[in-house]
**Student:** 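I'd like to ask you about the structure that follows.
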Amino acid sequence: MAKVIAIVSQKGGVGKTTTAVNLAAGLAREGKRILLVEVDPQGAIAPSIGVDEHTVGHTLLDCMGPSMTATVDATRSTPLDRVSLLCAVHPDRDEELELERLATANPLALREALDQVSSDFDLVIVDAPPTLGPLNRLCLAAADSFLVPVQAEEYSYRTLDRLMRAVGEVRQHFNPELR
């Protein structure tokens with residue numbers, strides 16, 4: 001059963017995607033099988049690891065939405081050995097609002113989607129969007145643990161109290177084991 005780590009912060013530009021990609025690459029070099037899950041609709045992971053985002057077939061939205069695509073069918077290989085990718089949305093389709101709507105309706109949808117492929121990977125790394133909204137809660141509800149990149153500047157620190165309150169709510173309502 002794969003461990004799930006969510007990389008979260010309400011603040012943009014603190015290095016969530018960079019942390020997710022480098023953590024995945026480093027752990028893959030150690031022989032771990034990694035699934036990178038991009039929940040941030042901005043879609044920065046695919047181009048960061050050399051995947052043409054326009055060639056993405058099924059997405060996380062497909063796994064959680066009405067079509068209920070099998071998660072294994074939505075994951076794809078990457079140029080990084082032992083690293084697979086699951087993109088949030090397709091860049092040519094306007095799906096961001098639908099993804100957020102699904103996250104609001106079912107905060108456990110990501111956990112349910114990842115359960116389908118948990119035995120195929122050693123670790124799942126989830127790149128959350130820069131928000132405290134439904135998509136961030138979706139990531140935290142699916143995770144075993146979370147990591148918060150913080151820049152050494154005041155605005156980055158200011159967001160930590162609100163993030164920890166959101167973590168507390170997720171623990172209380174959806175994921176009491178979150179660490």
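Heads up: numbering here begins at 1 and tracks the sequence.
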**Student:** Enumerate the salt bridge (charged side-chain N to carboxylate O under 4.0 Å, His left out) contacts for residues 88-97, please, sequence neighbours excluded, ordered by first and then second residue.
**Tutor:**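 Salt bridge (charged side-chain N to carboxylate O under 4.0 Å, His left out) check on residues 88-97 returns D62-R93, R93-E95.
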**Student:** Tell me whether E38 contacts the main-chain N or O of L86 through its side chain, where contact means a donor paired with an acceptor under 3.5 Å.
**Tutor:**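 Checked: no pair found.
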**Student:** Which value, rounded to the nearest 0.5 Å, describes the distance between D40 atom CG and L135 atom CG?
**Tutor:** 8.5 Å
**Student:** Taking all heavy atoms of F146 and all of R171, pick out the closest pair and write down the distance.
**Tutor:** CE2-NH2, 3.9 Å
**Student:** Are any non-hydrogen side-chain atoms of V170 and L178 less than 4.5 angstrom apart?
**Tutor:**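 V170 reaches L178 side chain to side chain.
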**Student:** Is the CD atom of Q42 crowded by more than 12 outside heavy atoms at less than 6.0 Å?
**Tutor:** no
**Student:** Check whether any side-chain heavy atom of P129 sits under 4.5 Å from a side-chain heavy atom of P41, and report yes or no.
**Tutor:** yes
**Student:** Testing K32, K3, R33 one by one against D122 for a side-chain hydrogen bond (donor to acceptor under 3.5 Å, both in side chains), which residue passes?
**Tutor:** R33
**Student:** Backbone N or O of S84 within a donor-acceptor pair of the S77 side chain at under 3.5 Å?
**Tutor:**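 Looks like no, no N/O pair under 3.5 Å.
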**Student:** Is the shortest heavy-atom distance from the side chain of R162 to the side chain of L132 under 4.5 Å?
**Tutor:**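 In contact.
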**Student:** Any non-hydrogen side-chain atom of V8 less than 4.5 Å from a side-chain atom of L163?
**Tutor:**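 Yes, their side chains come closer than 4.5 Å.
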**Student:** Can you confirm whether the side chains of T131 and N136 place a donor and an acceptor under 3.5 Å from each other?
**Tutor:** no
**Student:** Running the 4.5 Å side-chain criterion over Ile, Leu, Val, Met, Phe, Trp and Tyr, what cluster does I7 land in, apart from itself?
**Tutor:** I5, V21, L23, L27, I34, L36, I45, I49, V51, L80, V83, L85, L123, I125, L147
**Student:** For S118 and L114, indicate whether the former's side chain and the latter's backbone hold a donor-acceptor pair under 3.5 Å.
**Tutor:**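 No: the side chain of S118 does not pair with the backbone of L114.
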**Student:** Say whether V39 and L61 are linked into one hydrophobic cluster, either directly or through other cluster members, by side-chain heavy-atom distances under 4.5 angstrom.
**Tutor:** yes
**Student:** When you compare the side chain of V37 with that of D127, does any pair of heavy atoms fall below 4.5 Å?
**Tutor:**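 No, every pair of side-chain atoms sits at 4.5 Å or beyond.
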**Student:** Give me the atom names and distance for the closest heavy-atom approach of L108 to F174.
**Tutor:**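 The answer is CD2-CB, 3.9 Å.
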**Student:** How long is the span from the CD atom in Q116 to the CG atom in D73, to the nearest 0.5 Å?
**Tutor:**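 Between Q116 CD and D73 CG, I get 9.0 Å after rounding to 0.5 Å.
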**Student:** Taking the side chain as every heavy atom from C-beta outward, state whether V89 and L60 have any atom pair closer than 4.5 Å.
**Tutor:**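 No, their side chains stay 4.5 Å or more apart.
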**Student:** So, taking the atom named CZ in R111 and the one named SG in C139, what distance separates them when rounded to the nearest 0.5 Å?
**Tutor:** 12.5 Å
**Student:** Restricting to non-hydrogen atoms, name the atom on N175 and the atom on L140 that form the minimum distance, rounded to 0.1 Å.
**Tutor:**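 So the two residues come closest at ND2-O, 3.0 Å.
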**Student:** Just how far is it from atom OG1 of T59 to atom CE of M64, taken to the nearest 0.5 Å?
**Tutor:**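 Between atom OG1 of T59 and atom CE of M64 there are 9.0 Å.
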**Student:** Between R82 and G31, which heavy-atom pair has the shortest distance, and what is it?
**Tutor:**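 Closest approach of R82 to G31, heavy atoms only: NE-CA, 3.5 Å.
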**Student:** Please identify which of these residues, M164, R158, R165, meets the side chain to side chain contact (heavy atoms under 4.5 Å, CB included) condition with D161.
**Tutor:** R165
**Student:** Measure the spacing between SG of C87 and CZ of R76 and express it to the nearest 0.5 Å.
**Tutor:**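 Going from the SG atom of C87 to the CZ atom of R76 covers 7.5 Å.
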**Student:** Under 4.5 Å between any side-chain heavy atoms of K11 and P130, yes or no?
**Tutor:**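 No, their side chains stay 4.5 Å or more apart.
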**Student:** Between the side chain of D81 and the main-chain N/O of R29, is any donor-acceptor distance below 3.5 Å?
**Tutor:** no
**Student:** Between NE2 of H58 and OG1 of T69, what distance do you get to the nearest 0.5 Å?
**Tutor:**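 Those atoms lie 4.5 Å apart.
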**Student:** Which heavy-atom pair separates A103 from P134 by the least distance, and what is that distance?
**Tutor:**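 The pair with the smallest heavy-atom distance is CB-O, 3.7 Å.
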**Student:** How close do S9 and T159 get, heavy atom to heavy atom, and via which atoms?
**Tutor:**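 Looks like OG-OG1, 4.3 Å.
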**Student:** If only atom types and distance count, is the side chain of N22 paired as donor or acceptor with the main-chain N or O of T18 below 3.5 Å?
**Tutor:** yes
